Amino acid sequence: MAVRVQTEDFDIGREIAALTNDRTDIGAIVTFTGTVRGTAQDAAISTMTLEHYPGMTEDELSRIENDAHARWPLQASLIIHRIGTLHAGDNIVLVVAASAHRQAAFEAAAFLMDFLKTRAPFWKKETDADGNGRWVDARETDETAAAAWLR
Amino acid sequence: MAVRVQTEDFDIGREIAALTNDRTDIGAIVTFTGTVRGTAQDAAISTMTLEHYPGMTEDELSRIENDAHARWPLQASLIIHRIGTLHAGDNIVLVVAASAHRQAAFEAAAFLMDFLKTRAPFWKKETDADGNGRWVDARETDETAAAAWLR
Amino acid sequence: MTVKLVYLAWVRERIGVAEELRDIPVNVTTVAQLMAWLADQGPGYAQAFAEPTVIRTAIDRAHVAPDALIADAREIAFFPPVTGG
Amino acid sequence: MTVKLVYLAWVRERIGVAEELRDIPVNVTTVAQLMAWLADQGPGYAQAFAEPTVIRTAIDRAHVAPDALIADAREIAFFPPVTGG
């Protein structure tokens, strides 16, 4: 179990290797990688800046990770979220869930993302080619997805 | 869209990079990696040998991949399955689904695995430390998972 | 009561301050009351808290609802709905 | 009709042959009938097809049901339920 908030990029293959190295109790590893898309609402994005609430972010991500481990038998998990200024195609977030079986790994990874999206204190600001900034709006569908786990 | 059946290992980071390189229309990438566990039914596994039906395997994996693309708006996908003799901790299978949004990527990756498990002509034989071989039994739960997509 | 207030994303931009120490009147006891009181502290505050139902709040770095009591809080943060991931 | 028959995994091990060309009698028209006929071709075949409902079949490299017609088939494969992934 680990959470990291960092400006640097991450290497998915290396992160998986670090989690699973020398372990033979893992049978299924699911990763989710979120990347910056080049357009938003049909307008080109020049950069995306990610702000967070230092101190709370790590606490909240750890709470989400603990919740996932309480729900599914996970051998390992990892959440990495980047902050700072990113460009189209850049990695934003990596979530990894490892379990003996695939259903637990799939569900836990989706759960981690649904709650990261709705609970972890990050905010995205898009800047277009003219330098106009716009805070990204929260999506109703993200709230719906997270709420579905609590039914 | 690609399927590969190979004896060699794969590098997840490199495979994702090859799929997403220079693309800015992808926002979500889900990977599933299946690995050889060190025990089966509480007995230690020495090696696992994967056999397949050459010719049909590639056709069937391509059909499954096409079905996924028909159901979800996927920017890219990949299925790699290893054959031959593997050891505990080794990679067996990699599935990657890339889309603009995370729900499509998660669902497509789970769909690809559910149908790979029940339709792709691979068979696993486990060998214990004494050299006793045992063909792995198909799991009822895999059939149930695949059937759920057809409801 | 003196509390550290933290403002994030467009809440911070509208107020023009990232964090500040504030003496809170004793009759302000809930998060919702604190937002109403802050909305009266100047034009930036008025703009930031114009739609208080949109604003999310954390007390001591944990999410709370608008009816949460602010007694014993050391740090209260106000921010828009989160958009990470 | 002469057809290429392919046996995989423990079906192959029981029969002792990976593939063979067979002349199929004209009265054998479905996959289920072919399995019943093959079960009579020797002890290995009898063992392989002892529980025909367990055996899966592909005609020309696509899954088919036991009631599928074998006419026009070039290659028919018999195998246990798949266990990849």
Side-chain angles (χ1 to χ4, degrees), chain B residues 3 5 32-37 40 48-64 67 79-84 86 91-95 109-126 133-143 145-146, chain D residues 2-22 31-32 34-35 38-39 43-85:
Chain B
V3 304
V5 179
F32 176 88
T33 309
T35 55
V36 181
R37 275 179 294 143
M48 172 172 279
T49 304
L50 269 142
E51 170 178 336
H52 78 128
Y53 179 9
M56 178 169 170
T57 315
E58 293 80 357
D59 288 359
E60 193 63 27
L61 291 176
S62 294
R63 279 191 281 268
I64 295 167
D67 287 349
I79 304 174
I80 302 177
H81 204 296
R82 295 180 70 190
I83 50 172
L86 306 176
N91 289 324
I92 304 172
V93 62
L94 174 66
V95 154
F111 174 96
L112 290 170
M113 279 308 302
D114 285 346
F115 283 89
L116 184 153
K117 282 262 182 188
T118 53
R119 307 276 301 179
F122 293 99
W123 299 273
K124 290 189 185 119
K125 190 174 195 174
E126 296 166 348
R134 193 184 72 84
W135 291 98
V136 172
D137 285 328
R139 284 161 32 125
E140 183 81 28
T141 52
D142 288 332
E143 287 290 340
Chain D
T2 303
V3 181
K4 180 180 172 185
L5 300 179
V6 176
Y7 308 115
L8 294 142
W10 56 252
V11 175
R12 182 194 66 250
E13 287 186 345
R14 290 180 186 180
I15 293 174
V17 168
E19 55 183 67
E20 60 183 340
L21 285 175
R22 280 267 181 181
V31 162
L34 178 55
M35 283 198 267
L38 282 168
Y45 292 91
Q47 203 197 344
F49 293 102
E51 286 188 85
T53 56
V54 176
I55 307 294
R56 301 290 181 267
T57 308
I59 291 183
D60 295 339
R61 302 177 176 181
H63 291 285
V64 295
D67 61 356
L69 296 175
I70 63 171
D72 305 327
R74 283 160 303 172
E75 180 172 314
I76 304 178
F78 296 100
F79 43 82
V82 301
T83 55

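By convention in this document, chain letters (A, B, ...) are assigned in the order of the sequence lines, proteins followed by strands, and residues within each chain are numbered from 1. Everything numeric here is computed off the predicted structure, so don't read it as measured data.
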Among D:Ala58, D:Ala77, D:Pro80, the residue with the most heavy-atom pairs under 4.5 Å to chain B is D:Pro80
Taking every heavy atom of D:Val11 against every heavy atom of D:Ala48, the minimum-distance pair comes out as O-CB, 4.1 Å
Please work out whether the ring planes of D:His63 and D:Phe79 are parallel, tilted or perpendicular, with thresholds of 30° and 60°. perpendicular
Output for pair (B:His81 NE2, B:Asn91 CG), nearest 0.5 Å, gives 11.5 Å
Okay, B:Arg63 and chain D: the region with an atom under 4.5 Å from a heavy atom over there is side chain
Of the listed B:Glu60, B:Arg119, B:Glu143, B:His52, the one with the largest count of heavy-atom pairs under 4.5 Å with chain D is B:Arg119
One should read off an interatomic distance between B:Glu126 CD and B:Leu86 CG, to the nearest 0.5 angstrom, of 12.0 Å
From the list B:Trp123, B:Phe122, B:Phe32, the residue making the most non-hydrogen contacts under 4.5 Å with chain D is B:Trp123
Practice item. Flag the pair B:Lys125 and B:Glu51 as a salt bridge only when some basic side-chain nitrogen lies within less than 4.0 angstrom of an acidic carboxylate oxygen. Key: no
Cut-off 4.5 Å, heavy atoms of chain D, and the answer for B:Asp142 is neither
